[in-house]
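No experiment lies behind these values; they were computed from the predicted model shown. Order of listing sets the numbers, starting from 1, for every ligand and every atom in it.
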Amino acid sequence: MKTIDDFNFKDKKALIRVDFNVPLNDSLEVTDVTRIEAAKPTILKILEDGGSAILMSHLGRPKDHEPEFSLKNITGTISEIIGVQVKFAEDCVGPKAEQAAADLEAGEILLLENLRYHDAETDGDEDFSKQLANLGDIYVNDAFGTAHRAHASTTIVAQFFPEKKCFGYLLAKEIESIDKVLNDNEKPVLAILGGAKVSSKITVIENVLDKVDDLIIGGGMAYTFIKAQGGKVGSSICEDDKLELALDILKQAKEKNVNVHLPVDVVAADSFSEFANTKVEPINAIPDGWQGLDAGPKSLENFKSVVLRSKTILWNGPLGVFEMKPFANGTIELGNFIDEATQKGAFSLVGGGDSVAAVKQFGFEDKVSYVSTGGGAMLEMLEGKELPGIAAIQN
Ligand code: AMP
């Protein structure tokens, strides 16, 4: 795996794909700078080598050059975080970009305008990719969040740098961490899959069955498994067209000697609301009109012992509707168990979909070994897919 440590950037212009698709408020201020902070080590290494950095990113999904999607809005924030005044080019290709890139000197940073102001970016257009490529000497991909897209700046551009392309620190770390969980792991290996639906995680479940010793299935998707086995789930979220599939997954798990752990009890509510009445019920005997919205105390006790005996832990998806306070306890407790296991030496990785939101909300970011920055990209890696942005560097 080639990373920026394999290159000396002295007097070189690094063309870096970063993921600065940050959330903005109505006043166009950045409300979460995580992604900018995450790209900082890569940018600094290049500047410290004596090179310059040309940053390219998308922001949102502009349709018609709407000004609120201009990366100019975040130039100040980037300058503050990196500690260097960032220059801005009002287009990512064409004369303005070319001139700004040509004028760039060692130690300087140039931010290009939103790539997605051109449809050619998401189309993966070759000519557009070549124009981007002409701006820099070495291509660095440090954007994990878009590594699953075969877009111009994430994938196609790499072909114009046959020998001079590499991963930035962030993307390299993502690839290493997931490899550590899925392939280069210490046993016993545990995957915890929660979240709303089985249907969005089928391929993940099937892929991890070949890799893990234990599988905890929690959150909304547990109910499909319980109903498939004849349980009564009341009005809990349940995919009736996936009952056969759930049974098949359980059968596959048995054949592969994977221990599946489902919740045994739940916090049931009489409506999908923060103000609902609640009671703890066995998960396979939820009364009509009630729905399970969080894992119950016995389930958590069981999950705790599985987590604490694991040496490698992958966590994707909450155990309950954590956005509502009365149903956040299971997810918080699970985070505490993983924290304890990590302190005892386990490697723990959290990521994919919305999991990161829960981890951040409850302050577990620094307690697990690694939090992945890419939602969709992480899910695709967990599905065992080759990501185009990663393959483009490796090939
Ligand atoms: P995902 O993006 O698939 O990881 O799903 C995350 C969502 O699943 C969160 O918004 C949770 O509120 C939701 N969720 C978790 N448990 C349940 C449940 N028992 N019933 C309904 N939704 C749930």
Side-chain angles (χ1 to χ4, degrees), residues 145 148 191-208 215-228 231-240 242 245-246 249 261-287 289-300 303 314-335 338 349-362 364 368 371-383:
H148 58 317
I192 305 158
L193 298 178
K197 288 179 167 182
V198 186
S199 51
S200 61
K201 307 259 168 93
I202 297 164
T203 332
V204 176
I205 302 177
E206 289 181 337
N207 187 43
V208 301
L215 173 64
I216 290 178
I217 298 177
M221 65 175 155
Y223 303 97
T224 303
F225 287 87
I226 299 299
K227 186 163 176 184
K232 276 186 63 204
V233 298
S235 28
S236 307
I237 186 171
C238 180
E239 290 169 280
D240 285 326
K242 295 287 180 288
L245 178 85
I249 288 171
H261 311 273
L262 283 154
V264 290
D265 58 353
V266 298
V267 178
D270 59 359
S271 70
F272 189 82
S273 153
E274 196 146 4
F275 309 104
N277 296 303
T278 63
K279 55 182 179 177
V280 173
E281 291 285 351
I283 193 168
N284 57 4
I286 302 174
W290 291 72
Q291 53 188 305
L293 294 181
D294 196 11
K298 285 200 191 96
S299 308
L300 292 175
F303 293 167
L314 164 73
W315 179 19
N316 167 274
L319 286 192
V321 183
F322 71 93
E323 299 92 335
M324 297 185 204
K325 204 161 175 241
F327 314 112
N329 180 55
T331 302
I332 295 173
E333 282 295 352
L334 178 66
I338 296 176
L349 176 122
V350 186
D354 287 334
S355 313
V356 177
V359 168
K360 277 191 186 164
Q361 185 176 328
F362 304 125
F364 290 120
V368 297
V371 180
S372 173
T373 55
M378 172 75 165
L379 276 185
E380 290 200 15
M381 281 192 86
L382 295 178
E383 289 175 355

Minimum side-chain heavy-atom gap [X]-[Y] below 4.5 Å:
X: I338; Y: W315; value: yes
X: L300; Y: L319; value: yes
X: M378; Y: L314; value: yes
X: V204; Y: N316; value: no

Any idea which part of [X] is under 4.0 Å from ligand 1, heavy-atom wise: side chain, backbone, both or neither?
X: Q291; answer: neither
X: I237; answer: side chain
X: K197; answer: neither

query = Should you measure from each heavy atom of Y223, which atoms of ligand 1 turn up under 4.0 Å away?
reply = 19 (N)
task = Can you sort out which atoms of ligand 1 are near K201, meaning under 4.0 Å from one of its heavy atoms?
result = 1 (P), 3 (O), 4 (O)
Atom pair CE/CD1 of M221 and I249 - distance to nearest 0.5 Å = 9.0 Å
key: Option of least heavy-atom distance to atom 16 (N) of ligand 1 (set: S236, G220, G218)   = G220
message = Just to check, does F327 reach to within less than 4.0 Å of ligand 1 when the distance is taken from its heavy atoms?
response = no
Exercise answer: donor-acceptor pairs, residues 275-286 side-chain atoms, under 3.5 Å, sequence neighbours excluded:
{"residue": "N277", "atom": "ND2", "partner": "D270", "partner atom": "OD2", "Å": "2.7"}
{"residue": "K279", "atom": "NZ", "partner": "E281", "partner atom": "OE2", "Å": "3.4"}

Is there a nitrogen or oxygen of [X] sitting under 3.5 Å from a nitrogen or oxygen of ligand 1?
X: L319; value: no
X: E323; value: yes
X: G292; value: yes

May I have the list of side-chain donor-acceptor pairs in residues 289-297 shorter than 3.5 Å, sequence neighbours left out?
{"residue": "D294", "atom": "OD1", "partner": "G330", "partner atom": "N", "Å": "3.4"}
{"residue": "D294", "atom": "OD2", "partner": "N329", "partner atom": "N", "Å": "3.3"}
{"residue": "D294", "atom": "OD2", "partner": "G330", "partner atom": "N", "Å": "2.9"}

